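Read through the structure below, which is laid out as structure tokens, and then see the notes.
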Amino acid sequence: MTNILIVEDERNICEVIKAYLEKEGYNVYTAEDGVEALEIFNQKEIHLIILDLMLPKLSGQEVCTRIRAKSHVPILMLTARVEDDDKIHGLSIGADDYVTKPFSPRVLVSRVKALFRRSYRDSSPLAEKLIFNEGDLEIDMDKMLVKKQGKEIHLTANEFKVLSTLISNPGQVFSREHLIQSAFGHEYEAFDRTVDSYIKNLRQKIEDNSKKPSYILTVYGVGYKFGGTR
Ligand code: CA
């Protein structure tokens, strides 16, 4: 089930969007103000938010900032006026896209779909929960949870970054340097040996036999790649 949260205090707009999205098979939650929006977001598993900028209690901008502090959930902003467009651009508040009112519901739905495609690999938000080798390895990218044969295993934040980088680019071979840059960014200084130690720890945690890995494969003379199958 793909869950969308609409945050909009104008009832009729909210109802129209809801009806169009439900027709497309989405499960829709609605909130009428910023406070309610945050409550629902904290309680439910929300895959995309349509967020009006002008809201009672807490502005859309504030809601966006608070959600962005802890989540990468795609956010599509609704703005009432052209001036708001500049505001969104200028403040770069972390919305992924925006639509100016008045809009056609059809256009909005197509923007929602496009945002889903951009935000989630394999065009399905459920891809955030990845299962490899017939359930042997399970990874929830959003919650940073990893399970080996159904049992939760603990990875350090850096180990998780290395693993998720490899997984997000299946089949791609990473040199050590490329892996460091992709996982930690350019400002991060690390040595080849650091990567090797992350890889070694990861293999001990997720492989059946760390000497004969099936997930984190060594490509001799080049680097590493992910070898799990979905
Ligand atoms: Ca409003």
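The shown structure was predicted, so the numbers you read here are calculated from the model rather than taken from an experiment. Indexing begins at 1, ligand by ligand and atom by atom, following the structure's order.
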Return all side-chain donor-acceptor pairs below 3.5 angstrom for residues 212-227, not counting sequence neighbours, or 'none' if the list is empty.
| from | atom 1 | to | atom 2 | distance (Å) |
| --- | --- | --- | --- | --- |
| Ser214 | OG | Glu207 | OE1 | 3.4 |
| Tyr215 | OH | Asp136 | OD2 | 2.5 |
| Thr218 | OG1 | Arg203 | NH2 | 2.7 |
| Tyr224 | OH | Asp196 | OD1 | 2.8 |

Tell me which pairs pass ring pair (Phe, Tyr, Trp, His ring centres under 6.0 Å) where either residue lies in residues 142-162, with sequence neighbours left out. none

Check the side chains of Thr2 and Asn27 for a donor-acceptor pair under 3.5 angstrom, ignoring hydrogens and angles. no

Give every protein N, O or S atom lying under 3.0 Å from the Ca ion (ligand 1), naming each by residue and atom. Asp9 OD1, Asp52 OD2, Met54 O

Asn3-Tyr26 side chain donor-acceptor pair, cut-off 3.5 Å: no

Using a 4.5 Å cut-off on heavy atoms from C-beta on, say whether the side chain of Met144 contacts that of Asp140. no

Could you work out, with ring pair (Phe, Tyr, Trp, His ring centres under 6.0 Å) as the rule, every residue matching Phe41, not counting sequence neighbours? none

